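The structure presented is a predicted model; accordingly, all values stated were derived computationally and were not measured.
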Amino acid sequence: MKNYELLTIFKPSLDSDELDKAVDKISADVKAAKGDVSSVDKMGRKKLAYDLQGYRDGYFTNMIVSLPADAIVDFKRNLKLNDNILRFMFMEVAKKAQTV
């Protein structure tokens, strides 16, 4: 399994409980795909550079996850179908970055 970094921007209309549930849902999806969540960093509400779906700011979270290669397509599809997510960026973490 490779390590991946998942940066997610959630809608600012979510309250703190809904945001926690949305992050927990993503963690549950990773575990259902036989993966592992190494860390979750809730970076808070930040202003966006441009409007996304009519929103000027959003809640940013950063997760380090490990997933098997055959589960990535389904995991990304689930992220796209989540209505609470404005944008996400899913990328492989370089081995050099993992050791720091």
Side-chain angles (χ1 to χ4, degrees):
M1 283 194 295
K2 292 184 180 181
N3 286 338
Y4 299 93
E5 182 176 355
L6 174 64
L7 178 68
T8 320
I9 305 173
F10 290 98
K11 290 182 178 179
S13 59
L14 299 176
D15 64 10
S16 62
D17 292 335
E18 291 173 332
L19 181 65
D20 290 339
K21 287 179 185 176
V23 172
D24 290 342
K25 169 82 169 84
I26 293 173
S27 296
D29 288 345
V30 169
K31 290 177 182 168
K34 298 183 175 88
D36 184 43
V37 178
S38 300
S39 69
V40 177
D41 181 20
K42 296 178 185 173
M43 298 187 295
R45 190 173 181 157
K46 296 186 180 192
K47 188 174 178 355
L48 301 172
Y50 53 89
D51 288 0
L52 289 175
Q53 300 176 11
Y55 295 104
R56 294 181 180 252
D57 54 351
Y59 288 107
F60 284 68
T61 61
N62 190 13
M63 301 173 79
I64 304 295
V65 299
S66 299
L67 282 171
D70 58 345
I72 293 172
V73 173
D74 289 333
F75 181 69
K76 283 184 177 181
R77 185 180 310 120
N78 288 338
L79 290 173
K80 287 179 186 175
L81 294 174
N82 190 334
D83 291 334
N84 293 323
I85 296 176
L86 295 175
R87 286 277 198 281
F88 71 90
M89 183 171 60
F90 187 77
M91 62 187 163
E92 185 179 342
V93 177
K95 291 187 184 206
K96 184 176 181 181
Q98 292 175 13
T99 60
V100 174

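Atom CZ of F60 and atom CG of L48 lie 5.0 Å apart (nearest 0.5 Å). Note that the CD atom of E18 and the OG atom of S13 stand 7.5 Å from one another [nearest 0.5 Å]. Between the OH atom in Y59 and the CG atom in L19 there is a gap of 7.0 Å [rounded to 0.5 Å]. Here the straight-line distance linking atom CG of D15 with atom CG of D20 works out to 9.0 Å at 0.5 Å rounding. L86 CG to F10 CZ: the interatomic distance, rounded to the nearest 0.5 Å, is 9.5 Å. Expressed to the nearest 0.5 Å, how far OH of Y55 lies from CZ of R87 amounts to 13.5 Å.
When each of R45, K47, K11, K46 is checked for a salt bridge (Lys or Arg N to Asp or Glu O under 4.0 Å) with D57, only R45 meets the rule. Tested against V40, the residues V23, I26, D24 include a single side chain to side chain contact (heavy atoms under 4.5 Å, CB included) partner, V23.
Sequence neighbours left out, the pairs with a member in residues 73-85 that pass salt bridge (Lys or Arg N to Asp or Glu O under 4.0 Å) are D74-R77.
D17 and K21 are not joined by a salt bridge, as no carboxylate oxygen comes within less than 4.0 angstrom of a charged side-chain nitrogen.
The aromatic rings of F90 and F75 sit tilted relative to each other, their planes meeting at an angle between 30° and 60°.
A continuous path of ILVMFWY side-chain contacts below 4.5 Å connects M89 to Y50, so both sit in one hydrophobic cluster. Cluster annotation: M63 and L14 are assigned to the same hydrophobic cluster (Ile/Leu/Val/Met/Phe/Trp/Tyr, side-chain heavy-atom contacts under 4.5 Å, transitive).
Here the shortest heavy-atom pairing between S66 and S38 reads OG-OG, 4.5 Å. Annotation for E5 and V93: closest pair N-CG2, 3.5 Å, computed over non-hydrogen atoms.
Using a 4.5 Å heavy-atom cutoff, the side chains of L79 and L6 are in contact. Looking at heavy atoms from C-beta onward, N78 lies out of side-chain contact with K25 at the 4.5 angstrom threshold.
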